[in-house]
Structures are given as structure tokens and as C-alpha cells.
Amino acid sequence: MAAVAALAAGCGAGSGPSTSPTTGSSGGSDSSKVRVGTLTWEFERIADFAGHYSDIAVLAANDIWALGSEKSVLHWDGTRWATTQLPYAASDLAVVGPGDAWAVGSRSTGPGTELPGGGSYSRPASVRWDGGSWKPVETPQARFEEPIPAEPGARLERVLALDGGEVRAYGINTFDHGEGDNEPDEEFVQLRWDGSKRVKEENAPGGCARRIPVNHDENGLFLQGNWYLTDDGRRVKIERHWLPLSTGARKRSNQSLRLKEIHRVPGTDQWLGVGQVDVSQSGAPFSAPVVVRLKRGA
């Protein structure tokens with residue numbers, strides 16, 4: 001991990017000697033260095049809208065999906081990129097198989113979005129690609145009881161395509177905290193596609209109810225905050241090592257591992273994660289970028 005932190009610290013303008021694009025060294029030649037050649041990101045597609053692409057799913061070389069802002073989805077069929085429009089704003093995308101994709105987010109129009117006396121209440125939304133267009137899918141609606149708190153809003157934030165065609169979605173029903181007395185608890189939404197419609201799932205036990213899955217394997221879900229939830233409902237805390245002292249972390253520092261992405265190494269049972277360790281310590285807090293590998297014990 002110290003090596004990763006050192007490499008990250010050396011990147012960027014003014015961080016040290018320039019690097020040769022062909023040898024990776026800072027001048028001269030060294031036969032022990034790996035020759036990688038030049039590396040260049042080339043534009044594959046430039047969007048015709050302001051915003052960004054926020055997600056990508058690759059099913060095959062000729063079946064690639066990208067989620068954009070402004071309710072757009074881009075698809076590559078091996079020959080050309082085609083843009084399709086979503087009926088609602090989406091925050092995440094998942095591909096089940098050829099011609100079968102899902103997007104989840106929220107809608108600001110339709111039943112349940114208007115509040116008495118004015119104002120709006122966004123609702124969870126799901127859409128599915130049927131091979132020709134995106135179709136809204138009936139989605140269970142989360143809603144606070146009266147009196148409704150200030151600036152309520154419900155949305156789906158994550159969708160996962162599991163083995164066997166099962167699709168799960170996760171989100172939240174929330175509001176602007178601190179604007180009133182006797183505020184309700186936020187509601188964490190978990191939905192499952194049963195083959196014909198979305199149905200509510202029971203919340204995971206304990207604090208796992210508040211954690212959104214980041215990936216899955218054959219036996220369960222990897223959750224935010226370094227937890228693993230088995231299919232039969234057991235919670236397993238994923239342990240971690242502390243940063244070595246050589247990174248500048250002290251023995252009694254508080255350290256939090258925050259992973260942004262977790263992915264399986266194709267064709268193996270190995271999992272890698274990327275993120276950072278936030279180190280809180282008097283006078284010298286810092287964050288260390290890390291790559292981690294999951295170690296399974298007995």
C-alpha cells in the first residue's frame with residue numbers, strides 16, 4: 001500500500017522529473033524497465049449535450065452501454081454508437097443480457113409527485129430496454145406518512161443484474177433534515193424484479209439496511225462500508241489491514257477504508273477493490289490511494 005501511495009503522490013504537474021513516454025524512466029536507458037510505449041486516450045464519442053457519462057456496462061465487444069446525463073443512454077453495436085432517450089432521469093445502469101438492460105432513478109411527474117399546497121415529491125423509477133425502446137416499469141412507491149417532512153424525495157440509486165436474470169434495485173426515501181420537529185426516519189428502499197413486476201424486499205438486518213450493494217458473487221452481496229451479506233441473511237464484516245508506519249500513519253491514528261469500486265478478476269475467484277484510506281491524526285491527516293485484494297479465510 002505504501003508503494004501505491006508513493007506512486008499516486010508522484011503524479012501531476014510539478015511533482016518530480018518528467019517521465020519518458022517510451023521507457024517509463026526519468027532519462028537514460030535501463031533494460032530492466034518495461035517498455036510500454038506511449039499511452040493516449042482517443043475520443044470514441046463526444047456527446048451532443050452538456051453534462052457527463054456516469055456509468056458504463058460492457059456485455060461484449062459489440063454490446064456496450066453508457067449512461068449519460070439529460071436522460072440519455074448510448075449503445076455500441078459493433079458498428080456505430082446510437083443514442084436513446086430515457087423517460088426519466090437515471091442514476092445507474094445494469095445489463096442482464098443481449099437486448100435486456102435496466103436503468104433506475106427518479107421521476108418528477110405523474111402520480112404521487114404533487115404535494116397538497118404546492119411543491120413536488122420525486123418518486124422512484126425503473127425503466128427497461130425491450131430491444132427497441134425504454135419502457136417504464138411499475139415501481140413500488142415509498143412515501144412518508146402525514147405530516148410529510150420538508151422537501152421530500154425518493155429515488156433509486158443502484159441497480160444490480162445478478163446471475164439467473166434476477167435484478168435488484170436500491171434507493172432511499174429522504175427529506176431536508178432540520179426543518180421541523182418530530183422528523184421521521186429515512187426509508188431505505190430495496191426492490192426485486194420477480195419476472196413481471198418490481199416488488200419490495202425486506203430490509204437487510206441491522207445496519208446493513210442502510211448500505212447499498214456495490215457488487216455480488218455467487219453467495220451474496222458486497223455492501224458499502226466493507227460488509228458482506230450472504231443470501232441467507234448473515235452479515236460478515238470484511239476486515240482490513242492498517243497502513244504501515246512508512247506511509248506516515250501513526251500507531252493510534254483512526255483509519256477508514258473507503259472503496260469506490262469492487263470487481264472480480266475475470267475467470268477467477270479473486271476480487272480487487274480501489275479507493276482510499278482516510279487517516280485522521282493530530283496535525284497530519286491524509287488520504288492514501290490503495291488497491292486491495294480480498295483474502296478469503298476458513
Any donor-acceptor N/O pair, Gln141 side chain to Pro124 backbone, under 3.5 Å: yes

From OG (Ser287) to CZ (Arg258), nearest 0.5 Å: 8.5 Å

Side-chain (Tyr228) to main-chain (Gly220) donor-acceptor, under 3.5 angstrom: yes

Ser91 side chain vs Leu156 backbone, donor-acceptor pair below 3.5 Å: yes

Charged tip of Arg168 within 45° of Tyr170 ring normal and under 6.0 Å: no

Shortest non-hydrogen contact between Gly273 and Leu259, atoms and distance: C-CD2, 4.3 Å

Sub-4.5 Å side-chain heavy-atom contact between Arg143 and Glu187: no

Minimum side-chain heavy-atom gap Val277-Trp242 below 4.5 Å: no

Full working for side-chain contact (heavy atoms from CB on, under 4.5 Å) between Val95 and Asp100: CA-CA 6 Å; Val95 179; Asp100 189 2; over 6 Å; no

Heavy-atom side-chain contact between Val137 and Trp102 under 4.5 Å: yes

Beyond-backbone contact of Leu243 with Val279, side-chain heavy atoms, under 4.5 angstrom: yes

Heavy-atom closest pair, residues Ala61 and Ile64: O-CD1, 3.9 Å

Donor-acceptor contact present, side-chain Arg107 to main-chain Pro111, <3.5 Å: yes

Donor-acceptor contact present, side-chain Asn215 to main-chain Ile262, <3.5 Å: yes

Gap separating the CZ atom of Arg296 from the CG atom of Asp269, nearest 0.5 angstrom: 4.5 Å

More than 12 heavy atoms of other groups within 6.0 Å of Lys237 NZ: yes

Evaluation steps, side chain to side chain donor-acceptor pair (under 3.5 Å), between Ser120 and Thr113: CA-CA 5 Å; Ser120 62; Thr113 59; over 6 Å; no

Approximate separation, where rounding is to 0.5 Å, of Asp278 CG and Gln276 CD: 4.5 Å

Shortest non-hydrogen contact from Arg250 toward Ser253: O-OG, 2.8 Å

Within 6.0 Å of CD in Glu183, more than 12 heavy atoms from elsewhere: yes

Pairwise distance CG(Leu223) to CZ(Arg235) - rounded to 0.5 angstrom: 10.5 Å

Validation row: Tyr88, Ser126 side chains within 4.5 angstrom (heavy atoms): no

Distance under 6.0 Å and angle within 45° of ring axis: Arg80 vs Trp76: no

Side-chain (Gln281) to main-chain (Gly248) donor-acceptor, under 3.5 angstrom: yes

Test item: Tyr121 side-chain N/O and Phe144 main-chain N/O as donor-acceptor pair under 3.5 Å: yes

Atom of Ala169, atom of Val104 and distance for their closest heavy-atom approach: CB-CG1, 4.2 Å

Test side-chain contact (heavy atoms from CB on, under 4.5 Å) applied to Asn219 and Thr230, step by step: CA-CA 6 Å; Asn219 301 310; Thr230 65; 5.8 Å; no

Gap between atom NZ of Lys71 and atom CG of Leu86 - 0.5 Å precision: 9.0 Å

Donor-acceptor contact present, side-chain Arg158 to main-chain Pro213, <3.5 Å: yes

Point-to-point distance, once rounded to the nearest 0.5 Å, from OG of Ser108 to CD of Glu114: 10.5 Å

Stepwise side-chain contact (heavy atoms from CB on, under 4.5 Å) check, Lys135 with Val127: CA-CA 5 Å; Lys135 297 291 196 309; Val127 294; over 6 Å; no

Val167 and Val159, any side-chain heavy atoms less than 4.5 Å apart: yes

Common cluster, Val290/Leu294, ILVMFWY with side-chain heavy-atom separation under 4.5 Å: yes

Leu229 side chain reached by Arg234 side chain, heavy atoms, under 4.5 Å: no

Ser72 and Gln85: CA distance, side-chain angles, deciding distance, side chain to side chain donor-acceptor pair (under 3.5 Å) verdict: CA-CA 5 Å; Ser72 67; Gln85 294 298 312; 5.0 Å; no

Step-by-step side-chain contact (heavy atoms from CB on, under 4.5 Å) determination, Ile148 to Phe175: CA-CA 9 Å; Ile148 295 176; Phe175 59 94; over 6 Å; no

Heavy-atom closest pair, residues Pro98 and Leu59: N-CD2, 3.4 Å

Side-chain (Asn226) to main-chain (Leu257) donor-acceptor, under 3.5 angstrom: yes

Residues Asp92 and Arg155 bridged, charged N to O under 4.0 Å: no

Side chain Arg123, main chain Ala142, donor-acceptor under 3.5 Å: yes

Trace of the side chain to side chain donor-acceptor pair (under 3.5 Å) decision for Thr84 with Trp134: CA-CA 8 Å; Thr84 56; Trp134 292 98; 2.9 Å; yes

Verdict with reasoning, Trp65 to Trp129, per ring pair (Phe, Tyr, Trp, His ring centres under 6.0 Å): CA-CA 11 Å; Trp65 300 77; Trp129 177 257; 5.7 Å; yes

Heavy-atom pair of closest approach, residues Glu157 and Ile172: OE2-CG2, 3.9 Å

Within the 6.0 Å centroid threshold, strictly below: Phe222 and Trp271: yes

Transitive ILVMFWY side-chain link Val236 to Ile238, under 4.5 Å: yes

